[in-house]
Amino acid sequence: MDTRITVHYDHRTRLWVCSPPGSWPTDWPTWHRAMDEANWHAQMLRDMHLVRPPWALRRRLRALQAQGYTPEWIAKKIQANVSDVTTWSTDPHSAIKSPTTSRRIVRLYDWVDEHTGGRIRDTGPTPEATANGWFPPAAWDDIDNPDENPAVTEGALQDLLKALVDRMGSQKQVADAVGISTGHLYNLLTGRYHESKKWERAFRDLWESLATQAAA
């Protein structure tokens with residue numbers, strides 16, 4: 001596949017626009033900015049067309065449901081049958097044979113992961129995701145890494161946070177110590193944000209620091 005693209009700045013929409021090969025724009029603000037944009041989009045295209053194994057696609061479908069997106073919603077977005085989404089999510093022996101469907105799953109997962117900030121939907125994880133302990137997108141550092149397994153559960157993080165609040169006296173003191181807002185800490189405490197792997201190290205470092213101070 002030819003992934004060469006050109007990029008130009010659309011003054012009407014004030015957006016950078018991708019164009020087919022051959023339609024080189026003449027109104028770039030700078031050559032370097034245009035080349036950076038072109039390289040970024042070309043890399044995105046190459047990444048989008050990488051062939052993912054069935055287990056990596058299954059992880060994505062499960063992660064979306066753990067964030068609260070139903071099989072019906074996913075099926076509509078990737079233009080598939082709801083029964084197929086359910087099968088691909090739950091049957092470890094199932095495989096997605098359509099490259100187009102595979103790319104749609106990857107694009108949908110990437111979009112949700114990028115635009116929702118890890119926030120679980122108000123409806124909560126789907127019953128299937130809750131029953132099976134599936135992890136949402138924010139729990140994964142690299143969902144395509146076969147050796148990765150989100151080992152820190154949200155419950156374990158919440159227990160640590162509660163212990164820190166008890167020891168330091170208030171949620172505000174804990175939040176200030178790691179550089180987040182009190183509202184963000186509250187969301188972590190209540191499970192509204194699934195960011196275990198992202199924040200676990202900071203909170204554990206804080207706990208160890210407090211223990212060291214107490215022993216001094």
Side-chain angles (χ1 to χ4, degrees), residues 1-7 15-23 36-121 123-154 193-198:
M1 176 184 175
D2 188 352
T3 58
R4 292 176 300 170
I5 62 173
T6 64
V7 176
L15 296 173
W16 288 87
V17 180
C18 302
S19 304
S23 57
D36 287 344
E37 292 287 330
N39 289 332
W40 183 83
H41 285 286
Q43 182 58 47
M44 291 292 290
L45 281 173
R46 285 191 290 269
D47 185 65
M48 183 179 70
H49 286 85
L50 287 176
V51 177
R52 262 74 175 193
W55 57 263
L57 296 170
R58 187 174 303 111
R59 280 182 176 181
R60 285 172 167 81
L61 292 173
R62 291 177 173 181
L64 288 170
Q65 292 171 66
Q67 195 158 341
Y69 295 96
T70 65
E72 290 78 11
W73 184 87
I74 296 171
K76 182 178 180 180
K77 293 297 182 181
I78 65 173
Q79 300 176 34
N81 294 324
V82 177
S83 58
D84 287 336
V85 171
T86 301
T87 300
W88 296 331
S89 303
T90 57
D91 183 357
H93 302 293
S94 63
I96 301 171
K97 298 180 180 180
S98 167
T100 300
T101 301
S102 299
R103 287 194 295 271
R104 287 171 180 165
I105 292 172
V106 173
R107 286 200 299 268
L108 179 61
Y109 174 87
D110 288 346
W111 187 92
V112 169
D113 189 27
E114 179 180 354
H115 288 83
T116 63
R119 186 176 186 277
I120 304 300
R121 299 191 71 198
T123 53
T126 65
E128 193 77 29
T130 300
N132 290 282
W134 294 343
F135 291 96
W140 297 91
D141 286 334
D142 181 3
I143 202 166
D144 289 314
N145 180 358
D147 297 323
E148 182 170 345
N149 179 23
V152 180
T153 65
E154 205 68 27
Y193 285 169
H194 283 240
E195 297 176 324
S196 296
K197 296 186 73 64
K198 179 178 179 180

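Note that these values count all heavy atoms, side chains included, but never hydrogens, waters or copies made by symmetry.
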Begin with the C-alpha distance, continue with both residues' side-chain angles, and end with the deciding distance and a verdict on side chain to side chain donor-acceptor pair (under 3.5 Å) for Gln67 and Thr116.
-> CA-CA 10 Å; Gln67 195 158 341; Thr116 63; 2.7 Å; yes
Under the salt bridge (Lys or Arg N to Asp or Glu O under 4.0 Å) criterion, do Arg60 and Asp144 qualify, and how do the steps go?
-> CA-CA 9 Å; Arg60 285 172 167 81; Asp144 289 314; 2.8 Å; yes
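Nearest heavy atoms, Ala66 versus Ile120: O-CD1, 3.7 Å. A pairwise comparison of heavy atoms in Val85 and Ala80 identifies CG2-CB, 4.5 Å as the closest pair. Shortest non-hydrogen contact noted between Tyr69 and Arg121 is CE2-CD, 3.5 Å. The two residues Thr70 and Thr126 have their closest heavy-atom pair at CA-CG2, 3.9 Å. Between Pro137 and Ala63, the shortest heavy-atom contact is CD-O, 3.3 Å. Summarising the geometry of Arg59 relative to Ile143, their closest heavy-atom pair is NH1-O, 2.9 Å, with the distance given to 0.1 Å.
The shortest distance between side-chain heavy atoms of Leu108 and Trp73 falls below 4.5 Å. Inter-residue side-chain proximity for Asp91 and Thr86 is flagged as unmet; no heavy-atom pair is nearer than 4.5 Å. Side chains of Pro125 and Trp134 form no contact here, defined as non-hydrogen atoms less than 4.5 Å apart. The shortest side-chain heavy-atom distance between Trp88 and Thr101 falls under the 4.5 Å cut-off.
With sequence neighbours excluded, the residues that form a side chain to side chain donor-acceptor pair (under 3.5 Å) with Ser89 are Gln65. Checked against ring-ring contact (aromatic ring centres under 6.0 Å, His included), Tyr109 has no partners two or more places apart in sequence or in another chain.
The distance from atom CD of Gln79 to atom CD1 of Ile74, rounded to the nearest 0.5 Å, is 14.5 Å. For the atom pair NE2 (His93) and CZ (Arg58), the distance works out to 9.0 Å, reported to the nearest 0.5 Å. For the atom pair Leu57 CG and Ile78 CD1, the distance stands at 9.5 Å (nearest 0.5 Å).
Panel note: side chain Asn132, backbone Glu128; a donor-acceptor pair is recorded below 3.5 Å.
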